[in-house]
There are 2 protein chains.
Amino acid sequence: MSITKGRSVTISDVARTAGVSRAAVSKVIRNAYGVSPAMRERVEAAIGELGYRPSVAARALRGSSYRLGLEIPHVSARFMTQIMEGAKQAVAGTPYQLVLAPAHGPEYDTLESLADGLVDGIIAISPLVDPAWLEDLGRRIPVVMLGRHDHPTGYDTVVGDDIGGTRAIMTHLFELGHRRIAHLTEPEAVTRPGCGTPHAVRLETYRTVMTEAGLADLIQVARREDVPDLARAATAELLASPEPPTAIVAGHDDIAMGVLAEIAATGRHGEIAVTGYDNTDLAAHPLIDLTSVDQQGMEMGAQAATMLLERLQGRTEPRRYRATATLRIRGSSVRSPG
Amino acid sequence: MSITKGRSVTISDVARTAGVSRAAVSKVIRNAYGVSPAMRERVEAAIGELGYRPSVAARALRGSSYRLGLEIPHVSARFMTQIMEGAKQAVAGTPYQLVLAPAHGPEYDTLESLADGLVDGIIAISPLVDPAWLEDLGRRIPVVMLGRHDHPTGYDTVVGDDIGGTRAIMTHLFELGHRRIAHLTEPEAVTRPGCGTPHAVRLETYRTVMTEAGLADLIQVARREDVPDLARAATAELLASPEPPTAIVAGHDDIAMGVLAEIAATGRHGEIAVTGYDNTDLAAHPLIDLTSVDQQGMEMGAQAATMLLERLQGRTEPRRYRATATLRIRGSSVRSPG
DNA sequence: ATGAAAGCGCTAACAT
DNA sequence: ATGTTAGCGCTTTCAT
């Protein structure tokens with residue numbers, strides 16, 4: 001908290017003040033081997049007196065920046081805030097600082113710009129980037145990817161149980177008597193069959209389960225950009241169809257909010273079952289009361305950060321963490337009228 | 001998108017491949033003066049061929065990192081997402097990259113760590129840091145502060161119209177017949193009279209308006225940490241008091257959500273007027289339908305970023321931007337039963 | 001218009 | 001245990 005005046009103070013200033021070499025100062029600030037208590041004390045005194053703070057740029061150029069980067073596709077998505085919060089907690093208490101990089105447009109750019117020496121390691125949520133490209137990135141810098149169902153060799157993954165979670169939802173809806181169940185999810189780009197994104201897996205699972213239940217001809221899928229109004233519009237369309245669904249399974253809670261909005265706006269609140277995914281704090285709100293799948297977003301973020309720290313400590317074999325999915329049943333999943 | 005193999009490629013590699021000096025390459029990538037079209041072409045070809053990306057660390061050490069830092073106290077606060085979104089938009093299309101730094105504990109650390117050479121400029125939302133300290137920070141690096149009502153000389157400010165917004169709310173509630181109006185806001189630390197934070201100003205305004213209306217003895221203020229459950233608990237206490245309020249003015253929408261939750265959970269939805277602040281996307285949701293003040297969060301974030309870019313371009317005299325506040329009346333502000 | 005050379009502040013051998 | 005030295009990759013005078 002000391003107030004620095006004028007030009008910034010460097011390691012040389014500290015060394016001069018303490019009457020030691022710059023290398024000595026460097027060792028002290030890094031807690032490196034071979035520093036006598038006496039020297040440590042003098043150096044620390046000088047650091048305090050001068051208000052010295054090491055330059056990240058200089059450190060990064062030579063070794064590490066002590067910064068961890070978390071790339072996030074949508075800063076406003078409720079699920080992202082869980083991830084950020086979890087990662088923040090996990091990094092607290094380590095010598096590392098977490099920095100978030102909101103992606104604007106293609107994630108390649110954001111990831112590259114993180115890899116350009118700003119951070120020592122990267123956590124990313126980029127369902128669409130090419131696995132080969134990621135393997136290459138992982139060769140240059142430690143990487144942990146969230147929400148990828150592939151099995152990479154050069155980076156770690158943290159993933160939810162999208163099959164289990166979706167199955168739990170469907171079973172629950174069947175038990176409530178629903179047959180005409182529609183699925184509203186993200187755009188084609190992130191839900192293309194086999195592309196391995198969480199939403200693609202949820203969609204596949206929905207289809208599989210419907211087919212298993214002999215309801216293949218009732219499968220109804222709508223894909224929309226994740227904007228509240230578009231989810232509402234899609235819901236309106238679904239409900240206007242000749243045989244409208246009695247239940248709508250939303251890809252995640254934010255989409256579900258749009259679904260609920262449209263249903264409420266047309267005065268039909270409570271008439272159509274709605275489910276979300278991610279169990280964001282909104283879901284538990286009495287006025288929303290949304291049935292959702294808890295996939296432990298905070299825990300996922302925390303695990304990702306922890307795994308990244310492990311890699312920074314030297315681990316090289318890939319690890320994978322799969323979060324559990326637990327259905328939280330609430331009022332939005334009403335019984336089928338039929 | 002080219003795939004780099006092995007060791008990272010440096011400016012020297014580019015220079016060698018293009019058959020020019022490193023200085024020449026540097027000039028090309030910075031669009032600096034004195035490069036012949038021919039040379040530019042050869043250099044750019046080499047850059048493309050090699051997939052060269054300048055090291056941020058090296059650039060930062062010598063000049064600028066082309067990174068802008070946005071410090072955020074609470075990543076999950078809905079208002080923050082507006083700010084982030086706005087800043088992101090404003091920075092897009094410039095040569096700068098936005099990085100977010102979530103504060104963990106005292107904001108001084110986060111701000112320092114940003115100033116340690118990671119970024120060329122800082123946008124911060126830190127109501128509590130000492131103005132003198134900020135002035136000093138502003139001397140070392142361009143700074144734009146959000147939500148400070150002071151008039152600094154060494155940095156810019158972006159602030160809302162907290163007086164106008166709060167007055168609008170109060171007037172509205174008076175018109176609905178309310179007299180017993182309580183205010184639920186953030187903890188003492190950020191609402192201490194005269195400390196100049198947005199919430200302190202809103203609180204002061206609330207008190208002033210109540211007093212002006214001759215209702216000084218009905219003033220009722222509750223302060224709570226911004227956690228959903230605590231807002232609920234505070235609401236429960238307010239409603240359990242001998243003369244419970246007929247309206248609750250929440251410091252911002254997230255708090256209002258807690259208030260609404262408690263009221264709904266006790267089956268009294270629609271019986272007590274509730275207002276928020278920030279007009280977050282939730283407020284417009286039919287199931288929430290929360291009267292709130294729109295203070296253009298996105299615009300504030302965008303303005304902050306723009307002002308920071310101006311400073312980077314050389315402006316030194318301080319600027320201030322004050323956003324307008326517009327009351328959005330919705331269903332939650334019910335008429336007083338009295 | 002182009003290149004040579006001197007650092008920016010730090011870390012990591014390698015001496016001593 | 002401590003100090004010396006040589007860069008990390010880039011930008012920036014200053015020559016040419």
Side-chain angles (χ1 to χ4, degrees), chain A residues 4 7-44 46-47 50-67 95 112-113 115-120 140-141 312, chain B residues 4 7-44 46-47 50-67 95 112-113 115-118 120 140-141:
Chain A
T4 320
R7 228 13 254 135
S8 112
V9 18
T10 78
I11 200 171
S12 302
D13 301 325
V14 177
R16 198 175 315 113
T17 308
V20 300
S21 75
R22 297 181 322 180
V25 179
S26 175
K27 280 177 183 163
V28 168
I29 60 181
R30 284 175 301 125
N31 277 311
Y33 209 74
V35 207
S36 70
M39 156 154 285
R40 145 154 284 121
E41 194 169 342
R42 282 163 62 200
V43 170
E44 278 172 348
I47 289 178
L50 268 43
Y52 166 70
R53 311 216 69 205
S55 148
V56 187
R59 303 185 90 174
L61 195 53
R62 210 60 186 98
S64 26
S65 64
Y66 296 98
R67 298 293 185 278
E112 292 267 42
S113 101
D116 285 340
L118 194 72
V119 298
D120 297 341
R140 292 188 289 156
I141 182 173
L312 258 13
Chain B
T4 322
R7 229 10 257 135
S8 107
V9 17
T10 79
I11 199 172
S12 301
D13 300 326
V14 177
R16 198 174 315 115
T17 308
V20 300
S21 74
R22 297 182 321 183
V25 179
S26 176
K27 280 176 183 162
V28 168
I29 61 181
R30 283 174 302 123
N31 277 311
Y33 211 74
V35 209
S36 71
M39 156 154 287
R40 145 155 283 119
E41 193 169 343
R42 281 164 62 201
V43 170
E44 279 171 348
I47 288 177
L50 268 42
Y52 166 71
R53 310 215 74 207
S55 147
V56 187
R59 303 184 89 171
L61 194 55
R62 212 59 186 94
S64 28
S65 65
Y66 295 99
R67 298 292 185 277
E112 291 268 42
S113 101
D116 285 341
L118 196 71
D120 296 342
R140 291 187 289 156
I141 182 173

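Lettering of chains follows the sequences in order, A, B, ..., and the numbering in each one begins at 1.
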Quiz prompt | By salt bridge (Lys or Arg N to Asp or Glu O under 4.0 Å) - contacts of A:Arg40 (at least two apart) | solution = A:Glu44
Self-check item: side-chain hydrogen bond (donor to acceptor under 3.5 Å, both in side chains) partners for A:Ser26, two or more places apart
Solution: A:Arg30
Practice problem: Would you name the heavy atoms of B:Ala58 and A:Leu61 that are closest together and state the gap between them? | Solution: CB-CD1, 3.6 Å
Quiz item: Through what angle, rounded to 10 degrees, does the axis of the helix from C:dA1-D:dT16 to C:dT16-D:dA1 turn between its ends, using five pairs per end?
Solution: 30°
Quiz prompt | Atom-pair distance (CD1 on B:Ile11; P on D:dT12), nearest Å | solution = 11 Å
Below 3.5 Å between N/O atoms, which protein atoms pair up with nucleotides 13-16 of chain D? Just atom names and distances, please.
none

Exercise. Considering just the side-chain nitrogens and oxygens of A:Tyr52, establish if one lies under 4.0 Å of OP1 or OP2 belonging to C:dC10.
Key: yes
Exercise. Identify the two heavy atoms, one from A:Gly117 and one from A:Ala60, that lie closest to each other, and give their separation to 0.1 Å.
Key: O-CB, 3.7 Å
Practice problem: Calculate the interatomic distance between A:Leu61 atom CG and C:dT11 atom P; express it in whole Å. | Solution: 11 Å
Quiz prompt | Value rounded to 0.5 Å, distance of CG in B:Leu118 from OH in A:Tyr66 | solution = 15.0 Å
Quiz item: Residues in salt bridge (Lys or Arg N to Asp or Glu O under 4.0 Å) with A:Arg42, at least two apart?
Solution: none
Practice problem: Not counting sequence neighbours, which residues clear side-chain hydrogen bond (donor to acceptor under 3.5 Å, both in side chains) with B:Thr17? List them please. | Solution: none
Quiz prompt | side chain to side chain donor-acceptor pair (under 3.5 Å) contacts in which one or both residues fall within residues 54-64 of chain A, not counting sequence neighbours | solution = none
Quiz item: Hey, can you pull the residues of residues 28-41 of chain B with a non-hydrogen atom under 4.0 angstrom from DNA chain C?
Solution: B:Gly34, B:Val35, B:Ser36, B:Met39
Exercise. Pull out every residue in residues 13-22 of chain B that has a heavy atom closer than 4.0 Å to any atom of DNA chain D, ordered by number, or say none.
Key: B:Arg22
Exercise. Round to the nearest Å and state the distance from B:Arg59 atom CZ to C:dG9 atom C1'.
Key: 18 Å
Practice problem: List for me each residue that meets salt bridge (Lys or Arg N to Asp or Glu O under 4.0 Å) alongside A:Asp13, sequence neighbours excluded, and say none if there are none. | Solution: A:Arg16
Quiz item: What are the two closest non-hydrogen atoms of B:Val14 and B:Val43, and how far apart are they?
Solution: CG1-O, 4.2 Å
Quiz item: Who pairs with A:Glu41 by side-chain hydrogen bond (donor to acceptor under 3.5 Å, both in side chains), at least two apart in sequence or on another chain?
Solution: none
Quiz item: Quick one: is B:Ser26 getting a side-chain N or O under 4.0 Å of the D:dT11 phosphate, OP1 or OP2?
Solution: yes
Exercise. Nearest whole angstrom, please: distance from the P of D:dC10 to the CZ of B:Arg62.
Key: 13 Å
Quiz item: Can you check side chain to side chain contact (heavy atoms under 4.5 Å, CB included) on B:Tyr52 and B:Ile11, steps first, answer last?
Solution: CA-CA 8 Å; B:Tyr52 166 71; B:Ile11 199 172; 3.7 Å; yes
Self-check item: Residue list, salt bridge (Lys or Arg N to Asp or Glu O under 4.0 Å) with A:Asp116, at least two apart or on another chain
Solution: B:Arg53
